[in-house]
Amino acid sequence: MDSMKASIFSDKGYGQLPSLVNICIKSILMDHGRTKCALQLIPKDLYESFLVSALRHERQLCIMEIVAQWPYRVLNLRSLMPKVSDAQCRVCTWDHRSQIAFIRSLCLMIAAGFREQIRRNGKLQVLDISDLAYSITGVGIKRVSDEEFVTHFLNMFGNRHSNTTSQQSGHNRVIYMDWVVGRKNKKLVLSFLKSGSTGMSVRCRSLSLQYISENSINQILARIDPQTVNSLNFRTRDMFHNGLKLLERLTNLSSLDLSYTFYDILNYEPSRWSNIYAELGSTFSKLPNLIHLNLEGNRLSNQLRTLLQHFQKQLSTLQVDFCQLNELDISYLANSLHAKQLQNLSIGSNNLSKDPESLFKLLTSCGETLQYCCLSATSVDKIEAVANRLAQVSHRMKQLCTLRLSGVQLSIPDQAEIVTCFGLNVPTLKFLHMPLHTIRDEDDCENAGYTIVRARKCIEVQARLPFSANFNDAGIDEFFDICVKRFRDSELRESERELHVLARKGPQLASPINECCFLFKF
C-alpha cells in the first residue's frame, strides 16, 4: 500500500493539474473503449493532459482516438514532448534505437488519428510532427524520420486510401514533417509531389536527400513547397546543374548541410566545376535566412571568402572540419562580421598552427557568443605557449559550454592550465575534451575502476578510469596536484557547477572504452 501511494503521489501533474485528475486520466486510458466514450464528455481543456498521459504510458490506440477527436485547430507534437520526457517516463530508460522506433510508431498512430479527423470532418486542420530529433531524452540523437518512415507515412495519405468524402473534408488540412528521400523511396516521393494527396497536403520542414541522382534532386527541389522548408541536408556526391538555382527558391531556409558534397567532383572533374565556389557563394547570398552552414569534408583552401562574404545574415553555426583551410581562410573569418555572431564553430582537422594570430583573434571575436568550439586535430600544440594564450582567450568566453581539443598533444602542465583557467573563467563550461598522455601501455596493471579523490576546500577532483588500463601514477598525480593547487589558490567560492573533462587515450580518436572522465565539482 505504501509503495502504491508513493507511485501515485510521486507522479507530477501535467499542466499542474490536481493529482486526483491525473489518477482518473490514467484509469480511463487503461481501456480504449472507455477513453473513446470519455472524450465525448470531458471539457476540451483536458485533451492535452489526456494526450500527454497516453504518450507517457504508450497507449497507442488511445493516442489515435484522442487525435481523432482533437478539439483544436492545431496539434504540435514537438511542443508536447518536454512534458512527456521526464524522469518518470519509462521510455527514457530505453536505448536510442528503441526510442526512435517508439516515436515513429507514435507518429503513425497520430497520423491515423488525423486521417480519422479528415473522415469525420473534425476541427483539427494542422498537424506538426517535424523536428523530433531531440524527443524523449532531450539529447541530440539522429532524426526520427528515415526512408522507411517517410514511405509508410506517405502511403497512409495516398490516393488509394481516400474517397470523395475524405477529399472534400480534407481540403486545406496540412501535415508538417521531416522528409528523408533516398533510393528506396524517391519514386514514391516524386509521385506524391506530382499528384499530391486527395485528402490533405503533407509539407516538409526538414529535407534530407541521400545518394539520389542529379535528376531526382532537381525534380524534388522544383516541386517542393519552398515556403515551408527551413533545413536542407545533402547526403550525395552527385552534384547538380540546376540545383543551385532551385535552392534560391527556398527563401526560408535557415540550415544547409553540404558536407562531403563536392569533394570528389573537384578531384575527378576540376575543369567542369572550376567556378563551383563562385556559384555557391552567389547562391548563399540569395538565401536571406541562412544562418547554419555545414561544409565539412570539402576542399575549401583559400575559398572561404568567396563562399561567405555575400551572406545577408551573419552565421550562427559554421562547420568546416576536414576542409584544408589555410592562413588566408582563418584570417578572413577572424576579420569577418560572422565572427561576431558565431555560436557554434567547428574547424577541426585543419592545420591552424601557421597563423596563430588570426586563430586567437577569431576566438576572441566570437568569444562573447560562442557556445560550442571544436579545435580537435588542429596542430595548435605546435604554437608557442598555446595553453597560456588559450587561457587568455577564456576570459572572453562567457557562454561556452563545450570545448573539444581531441588529437592535440599537450603536456601535463598545459593540460592542467587549460582545465583550471577555463573552469574558473568560463562559468557556463560543462564539457572539455582533450587527449590524456599520462596513460601508458608498457606495464601490466590491474586497476579497473581506479579512482583518485583529492579534496581541497570546496574542490573535489575525481578521475574515473572505466576500463582496465595501464597508466602512469606519477603523471596523473602531477595533473591533479596542479589543478587542485590552481583551484585552491583562486579562492573559488562554492557553487553547484560541474566540469567534465573527457580525456582520450593518446592523440588518435579512440573508442569509448578507452576514455577517462575527470569530474571537477565546484
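Starting from 1, each residue takes its place in the sequence as its number.
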Would you name the heavy atoms of [X] and [Y] that are closest together and state the gap between them?
X      : Y      : value
Cys373 : Leu363 : SG-CD2, 4.0 Å
Met397 : Leu370 : CE-CD2, 4.3 Å
Trp179 : Arg203 : NE1-O, 4.2 Å
Gln69  : Glu65  : NE2-OE2, 2.7 Å
Met177 : Val150 : CE-CG2, 4.3 Å
Asn350 : Cys323 : OD1-N, 3.2 Å

Using atom types as modelled and distance alone, determine if a side-chain donor or acceptor of [X] lies under 3.5 Å from a backbone N or O of [Y].
X      : Y      : value
Thr428 : Leu400 : yes
Asp178 : Arg205 : no
Tyr176 : Val126 : no
Ser27  : Cys24  : no
His338 : Leu315 : yes
Thr402 : Tyr372 : no
Asn185 : Leu188 : no
Gln319 : Ser346 : no
Asn298 : Thr261 : yes
Gln371 : Gln399 : no

Rounded to the nearest 0.5 Å, what separates atom [atom1] in [X] from atom [atom2] in [Y]?
X      : Y      : atom1 : atom2 : result
Ser255 : His292 : OG    : NE2   : 6.0 Å
Leu295 : Asp321 : CG    : CG    : 10.5 Å
Gln324 : Leu300 : CD    : CG    : 8.5 Å
Leu46  : Ser49  : CG    : OG    : 5.5 Å
Ile25  : Leu20  : CD1   : CG    : 10.0 Å
Leu207 : Ser231 : CG    : OG    : 8.5 Å

| task | Please report the C-alpha distance between Trp70 and Phe114 in whole Å, then the side-chain angles of each, then the deciding distance to 0.1 Å, and finally whether the side-chain contact (heavy atoms from CB on, under 4.5 Å) criterion is met. | result | CA-CA 9 Å; Trp70 192 254; Phe114 188 49; over 6 Å; no

Heavy atoms, side chains only, cut-off 4.5 Å: are [X] and [Y] in contact?
X      : Y      : result
Leu124 : Val67  : yes
Leu375 : Thr378 : yes
Ile212 : Val181 : yes
Leu318 : Asn344 : no
Ile110 : Leu77  : yes
Gln314 : Ile291 : no
Leu256 : Asn294 : no
Leu108 : His152 : yes

| message | Apply side-chain contact (heavy atoms from CB on, under 4.5 Å) to residues Leu61 and Met109 and explain how you reach the verdict. | response | CA-CA 7 Å; Leu61 290 177; Met109 295 302 293; 4.1 Å; yes

| query | Looking only at side chains, do Ser216 and Ser213 share a donor and an acceptor under 3.5 Å apart? | reply | yes

| Mind checking whether His310 and Phe284 have ring centres under 6.0 Å apart? | no

[X]/[Y] ion pair, N-O < 4.0 Å:
X      : Y      : value
Glu147 : Lys187 : no
Lys398 : Glu368 : no
Glu248 : Lys286 : yes
Arg305 : Asp329 : no

| message | If you apply the rule side-chain contact (heavy atoms from CB on, under 4.5 Å), what do you find for Leu232 with Leu247, and how did you get there? | response | CA-CA 9 Å; Leu232 180 60; Leu247 272 180; 3.0 Å; yes

| request: Take Asn233 and Leu258 through the test side-chain contact (heavy atoms from CB on, under 4.5 Å) and record every step on the way to the result. | output: CA-CA 7 Å; Asn233 180 358; Leu258 294 175; over 6 Å; no

